[in-house]
Amino acid sequence: MTSMTPSVHSAVESAGYAAGSLLTVADLPVVEVAAILAATDRFEQMVSTDRARTLAGRRIALLFYESSTRTRTSFELAAKSLGAITTLVSDKSSSIEKGESLKDTGLTLRALGAECIILRHANSGAPYLLARSTGLPVLNAGDGMHEHPSQALLDLRTILARLPGLRGRLINGRTLEGVTVVITGDILHSRVARSNAMLLPRLGAEVLLCGPKELLPEEALGLGEGVEIERDFDKALKRAQVVMMLRIQQERIAGLELDLADYILRYQLNEERLSACAPSALVMHPGPMIRGLEISGEVADGPNSAIEEQVRHGLAVRTALLVRALSADGFASVTV
Ligand code: CP
């Protein structure tokens with residue numbers, strides 16, 4: 001029996017949120033990232049019957065105010081693999097439709113015995129309100145244009161697994177030294193871009209943001225050190241070990257003057273561009289992707305693509321995050 005590494009919960013706790021909450025990557029120390037990834041490995045390797053005892057009978061609520069395939073399903077499957085009882089509350093089929101507030105919905109779930117809430121919401125900051133009003137651990141499953149912390153962690157795990165020489169490397173401020181990650185597309189509306197741009201440079205990566213002014217304002221440089229802007233996609237690609245493509249969020253770009261034909265010409269990742277500028281780059285996309293717009297089908301299905309692998313890492317990372325949320329002392333009390 002090996003004891004798991006003690007977890008660091010101080011940042012969220014000192015801010016008054018329940019230990020084990022994951023609201024942002026901004027206050028997640030690198031040592032905690034290392035603990036989450038180490039736990040992810042251990043749960044992935046665990047015999048399924050042992051894993052199913054880890055959170056047997058614990059109650060987890062999935063509260064989704066926005067559509068989701070990957071995040072919702074992976075959290076749900078992860079919870080079930082740990083033996084937890086899950087319930088899904090969606091804005092489309094609950095009293096939210098009748099006008100019930102986020103706070104009252106959260107308090108209702110708590111009264112029903114929920115011990116942890118996974119929240120996706122269209123409003124930036126909603127997970128903070130829910131965490132404050134319920135006192136429960138809350139996992140941010142994507143809030144508006146703010147953050148998607150578990151996506152950044154699964155993206156990190158994908159990069160570590162796929163880039164040569166990184167597998168098994170110690171996680172610290174130098175782990176991704178020499179790695180340039182190009183993030184291209186609708187940065188303005190992307191919570192995935194924000195979380196990755198805040199997390200990856202803290203492990204030593206350079207993040208190069210790429211896109212037209214309408215979708216990538218200069219203010220994005222404020223995301224932190226290690227973040228640059230390059231508007232020419234071909235130039236950016238020539239520096240890339242990893243390229244993350246982002247969906248054009250049709251639901252959020254109303255009012256922006258964006259010529260889609262011109263966008264495709266300048267920013268689509270297609271075979272010709274990839275083989276000319278970055279033939280060995282790892283291609284990532286958080287999904288959902290629009291084939292033929294930001295990425296061609298050939299690239300999405302091609303040998304450089306890690307898109308399906310990202311989904312699998314999502315299931316694994318979210319398993320560890322649920323254990324972290326529901327163990328009073330993080331991973332410290334869990335033994336394998
Ligand atoms: N990456 C992501 O958040 O996908 P879903 O919207 O399908 O959950």
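Indexing begins at 1, ligand by ligand and atom by atom, following the structure's order.
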Which ligand 1 atoms, with their elements, are less than 4.0 angstrom from a heavy-atom of [X]?
X	result
T71	2 (C), 3 (O), 4 (O), 5 (P), 8 (O)
T69	5 (P), 7 (O), 8 (O)
G287	1 (N), 2 (C), 4 (O)
H148	2 (C), 3 (O)

Less than 3.5 Å apart, any donor N or O on the side chain of E298 or N270 sitting next to an acceptor on the other?
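No, because no side-chain N or O of E298 sits under 3.5 Å from a partner of the opposite role on N270.
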Pair E309-T158, side-chain donor/acceptor within less than 3.5 Å
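Checked: E309/T158 side chains show no N/O donor-acceptor pair below 3.5 Å.
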For Y65, give me all partners under ring-ring contact (aromatic ring centres under 6.0 Å, His included), at least two apart in sequence or on another chain.
H121
Measure the CD-CG distance between E100 and D91 for me, rounded to the nearest 0.5 Å.
12.5 Å
Would you say L136 and L130 make side-chain contact, with heavy atoms under 4.5 Å?
no
What's the shortest distance from atom 1 (N) of ligand 1 to any protein heavy atom, and which residue and atom give it?
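Looking only at protein heavy atoms, the one closest to atom 1 (N) of ligand 1 is P286 O, 2.8 Å.
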Specify the protein heavy atom at minimum distance from atom 4 (O) of ligand 1: its residue, its atom name, and the distance to 0.1 Å.
R70 NE, 3.0 Å
Which residues satisfy the salt bridge (charged side-chain N to carboxylate O under 4.0 Å, His left out) test with K80, sequence neighbours excluded?
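Salt bridge (charged side-chain N to carboxylate O under 4.0 Å, His left out) check on K80 returns E76.
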So, 4.0 Å and heavy atoms of R120: is ligand 1 close enough to count as a contact?
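It does; at least one heavy atom falls under 4.0 Å.
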